[in-house]
S.K.: 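Below are the structure tokens for one structure; questions will follow.
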Amino acid sequence: MKIAIMGAGLSGLTCALTLEKYGYQAEIYEKRGMVGDRFIVAEAMLSMFYHPYDDAVKYISEAHGIHLKPTNSVNKVFIHSEHESAHIEGQLGFINMRGKHSESFEKQLANQLKSKIHFQQNVTHEDLSKAYTHVVLATGDPMDTEQLQPYEEAFKASFKGAIVEGDFNRTDVHTFFNNKLAPKGMAYLLPHSEREASFVLVYPQYPENEGVDKEQLWNACLAEYCKRLNQDLRVRETFSIKDYRAGKTENARIGNTFFVGNCWGAISPLFGFGQFESMLTGIYAAHDIAGVGDYNELVQDLYQSYHDSLTLRRAIETLDNKQLDLLTKSVKVKWVEGLITNKHMNVLKLLSRVIHPFVRSTEK
Ligand SMILES: Cc1cc2nc3c(=O)[nH]c(=O)nc-3n(C[C@H](O)[C@H](O)[C@H](O)COP(=O)(O)OP(=O)(O)OC[C@H]3O[C@@H](n4cnc5c(N)ncnc54)[C@H](O)[C@@H]3O)c2cc1C
């Protein structure tokens, strides 16, 4: 068997690491000059979205022998709407670094790898499928998927983010839901340390958002955050992304080509989480190639949570600022907080089942 992996990101690297455990060495082709060759940003993995895995890092380590060290635990998630603030507490998940940061998840994965990574290789699926028996498409870019099969897009998103300096509690995450500042989207703050954090604004590029001025929104979001938390933040490094796609493919596998990570549909449409899902698809594809699982079957639960997540997003998008205030206020009610943080319950599934009859369609 000759296996090629296109892309040395989360899904490609977890796939290669899992293949090694079964005695296979893949050849990895990465278009950039090194692993994680992009802006530094903090990302989060929150357990409430990963039922039945209440600790994603522990699960990947114990069940799959892939060891990751997050930067911080998340013990409090604050939810801020226009006029309300609430928070939930508990062992809620983790914050980890991405990109050029020395401890980014992709660098940690690459450090555990024996297989060869060929850098600065602008290969195509067509080239690889001629030379290899199995190809894993892990470029993080659904445009590559679309060359081979239909990709059903849920939305495109626009991001503006920065590393900010200030005083932070490193286990506190702040989220902001305010249609005036992040129309149908959100802003969030994820600390890297007591002094440094990522502050990110993200919103879907729906036609009604076409006229919005991203820079103006970003400045207003930052000003609002400074006011809410009573401090001035110093902005250090900024990044901006347009046309980041959330959606999914029909087929996880076609012939001996495996679609993993964002090339499959790993982005959970509700809040854009995709790291855990990407790593799982990489692991599952490796199981299929090694003959210990069926990739199409293994991703079925992930398809279901994608749909649940999209249903919830469509419901939340219908809320105006007054309703977002009410929703935020409801989190202060003990039993609601208890429901959200209940590790024995699939909150995503439950809420989407309750809401589904009220959402006309999960398609936009
Ligand atoms: C700003 C931002 C914030 C996010 N925050 C969160 C978060 O808080 N929590 C969360 O769970 N998820 C988050 N996500 C989503 C998460 O980062 C992705 O779901 C995940 O990284 C996807 O993994 P992947 O393996 O598909 O792609 P990636 O990890 O992006 O890896 C793709 C790799 O393929 C390489 N490549 C691209 N094209 C080619 C080519 N033609 N040939 C060879 N190599 C190629 C790229 O250089 C890259 O190294 C965020 C995404 C963004 C953009």
Side-chain angles (χ1 to χ4, degrees), residues 42 44 46 48-49 74 76-89 92 155 157-162 164 166-169 172-191 197-233 235 238 240 268-273 309-337 339-341 347-348 351-352 354-355 358-359 364:
L46 296 185
M48 65 184 91
F49 301 119
V74 176
K76 267 189 196 171
V77 175
F78 287 83
I79 302 151
H80 306 281
S81 55
E82 189 177 10
H83 300 296
E84 291 286 343
S85 283
H87 71 264
I88 51 175
E89 272 186 72
L92 301 173
F155 59 90
S158 197
F159 289 78
K160 164 116 187 183
V164 292
D167 284 321
F168 309 109
N169 185 334
D172 291 357
V173 166
H174 290 267
T175 60
F176 300 83
F177 297 89
N178 179 339
N179 285 313
K180 290 180 193 157
L181 301 175
K184 300 193 176 183
M186 67 187 291
Y188 57 87
L189 182 126
L190 298 175
S198 291
F199 185 70
V200 179
L201 161 72
V202 53
Y203 57 89
Q205 294 167 218
Y206 294 147
E208 59 269 32
N209 283 347
E210 229 161 56
V212 304
D213 179 338
K214 188 152 74 171
E215 294 305 313
Q216 210 179 323
L217 282 185
W218 157 259
N219 288 331
C221 266
L222 200 62
E224 175 67 14
Y225 173 79
C226 292
K227 197 175 87 190
R228 285 284 176 112
L229 299 179
N230 202 20
Q231 61 169 314
D232 282 328
L233 297 180
V235 174
T238 62
S240 184
S268 159
L270 180 57
F271 297 131
F273 292 113
S309 171
L310 187 55
T311 302
L312 273 182
R313 160 166 275 278
R314 295 297 186 230
I316 289 177
E317 282 176 350
T318 63
L319 305 180
D320 61 21
N321 271 6
K322 254 192 189 159
Q323 291 164 317
L324 286 171
D325 276 338
L326 280 175
L327 201 64
T328 306
K329 212 170 163 187
S330 74
V331 176
K332 291 183 189 166
V333 179
K334 271 286 153 223
W335 71 263
V336 177
E337 188 193 351
L339 181 77
I340 298 170
T341 54
V347 186
L348 197 63
L351 291 177
S352 95
V354 173
I355 283 168
F358 305 102
V359 181
K364 181 94 183 164

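One-based numbering along the sequence shown. Everything numeric in this text was worked out from a predicted model, so none of it was measured.
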S.K.: Apply side-chain contact (heavy atoms from CB on, under 4.5 Å) to Met48 and Ile88, showing your working.
M.R.: CA-CA 11 Å; Met48 65 184 91; Ile88 51 175; 3.4 Å; yes

S.K.: Could you tell me whether a side-chain N or O of Lys184 sits under 3.5 Å from a main-chain N or O of Tyr203, the two making a donor and an acceptor?
M.R.: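 Answer holds: no.
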
S.K.: Check for a donor-acceptor pair, side chain of Glu210 on one end and backbone N or O of Pro207 on the other, with a separation under 3.5 Å.
M.R.: no

S.K.: Taking NZ in Lys322 as the centre, count heavy atoms belonging to other residues, nucleotides or ligands within less than 6.0 Å. Is the count above 12?
M.R.: no

S.K.: Keeping the roles fixed (side chain from Asn209, backbone from Gln205), state whether a donor-acceptor pair exists under 3.5 Å.
M.R.: no

S.K.: To the nearest 0.5 Å, tell me how far Glu317 CD sits from Leu270 CG.
M.R.: 9.5 Å

S.K.: Identify, with sequence neighbours excluded, every residue that meets side chain to side chain contact (heavy atoms under 4.5 Å, CB included) alongside Asn230.
M.R.: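 Per chain and number, Asn230 pairs via side chain to side chain contact (heavy atoms under 4.5 Å, CB included) with no residue.
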
S.K.: Looking at residues at least two apart in the chain, or sitting in another chain, which of them share a salt bridge (charged side-chain N to carboxylate O under 4.0 Å, His left out) with Glu89?
M.R.: none

S.K.: Going by side chain to side chain donor-acceptor pair (under 3.5 Å), Ser81 matches just one of Asn321, Thr175, Asp325. Which one?
M.R.: Asp325

S.K.: Kindly confirm or rule out a cation-pi arrangement of Arg228 over Phe78, judged by NZ or CZ under 6.0 Å from the six-membered ring centre and within 45° of its axis?
M.R.: no

S.K.: Could you go step by step and tell me if Thr328 and His80 meet the side-chain contact (heavy atoms from CB on, under 4.5 Å) rule?
M.R.: CA-CA 7 Å; Thr328 306; His80 306 281; over 6 Å; no

S.K.: Is it true that Phe49 and Phe271 have ring centroids separated by less than 6.0 Å?
M.R.: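 So the answer is yes for these two rings.
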
S.K.: Working to the nearest 0.5 Å, report the span between NZ of Lys76 and NE2 of His174.
M.R.: 9.0 Å

S.K.: Can you tell me if NZ on Lys329 sees more than 12 non-hydrogen neighbours from other groups inside 6.0 Å?
M.R.: no

S.K.: Find out whether Lys160 and Cys221 are in side-chain contact, i.e. whether some heavy atom of one side chain is under 4.5 Å from a heavy atom of the other.
M.R.: no

S.K.: Quick one: are Phe176 and Leu201 in side-chain contact, heavy atoms under 4.5 Å?
M.R.: no

S.K.: Nearest 0.5 Å, what's the CZ-CG distance between Phe155 and Leu310?
M.R.: 8.0 Å

S.K.: Using salt bridge (charged side-chain N to carboxylate O under 4.0 Å, His left out) as the criterion, list what pairs up with Lys180, not counting sequence neighbours.
M.R.: Glu82

S.K.: Return the minimal non-hydrogen interatomic distance between Ser268 and Ser309, and the atom names on each side.
M.R.: OG-OG, 2.9 Å

S.K.: At what distance, to the nearest 0.5 angstrom, does CG of Asn178 lie from NE2 of His83?
M.R.: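 With rounding to 0.5 Å, CG (Asn178) is 8.0 Å from NE2 (His83).
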
S.K.: Please confirm whether the backbone N or O of Gly161 pairs with a side-chain atom of Ser240, one donor and one acceptor, at under 3.5 Å?
M.R.: no

S.K.: Give the minimum heavy-atom separation between Cys226 and Asp232, together with the two atoms involved.
M.R.: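 Reported closest heavy-atom pair: SG-CA, 4.1 Å.
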
S.K.: Taking Asn179 for its side chain and Leu319 for its backbone only, find out whether a donor-acceptor pair lies under 3.5 Å.
M.R.: yes

S.K.: Rounded to the nearest 0.5 Å, what separation is found between the CG atom of Leu217 and the CG atom of Leu181?
M.R.: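 The distance works out to 7.0 Å.
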
S.K.: Please confirm whether the backbone N or O of Asp167 pairs with a side-chain atom of Gln231, one donor and one acceptor, at under 3.5 Å?
M.R.: yes

S.K.: Run Phe177 and Leu327 through side-chain contact (heavy atoms from CB on, under 4.5 Å) and show every step you take.
M.R.: CA-CA 10 Å; Phe177 297 89; Leu327 201 64; over 6 Å; no

S.K.: For side-chain contact (heavy atoms from CB on, under 4.5 Å), just list the numbers for Leu229 and Leu189, CA-CA rounded to whole Å, side-chain angles, deciding distance to a tenth of an Å, and then say yes or no.
M.R.: CA-CA 11 Å; Leu229 299 179; Leu189 182 126; 5.6 Å; no

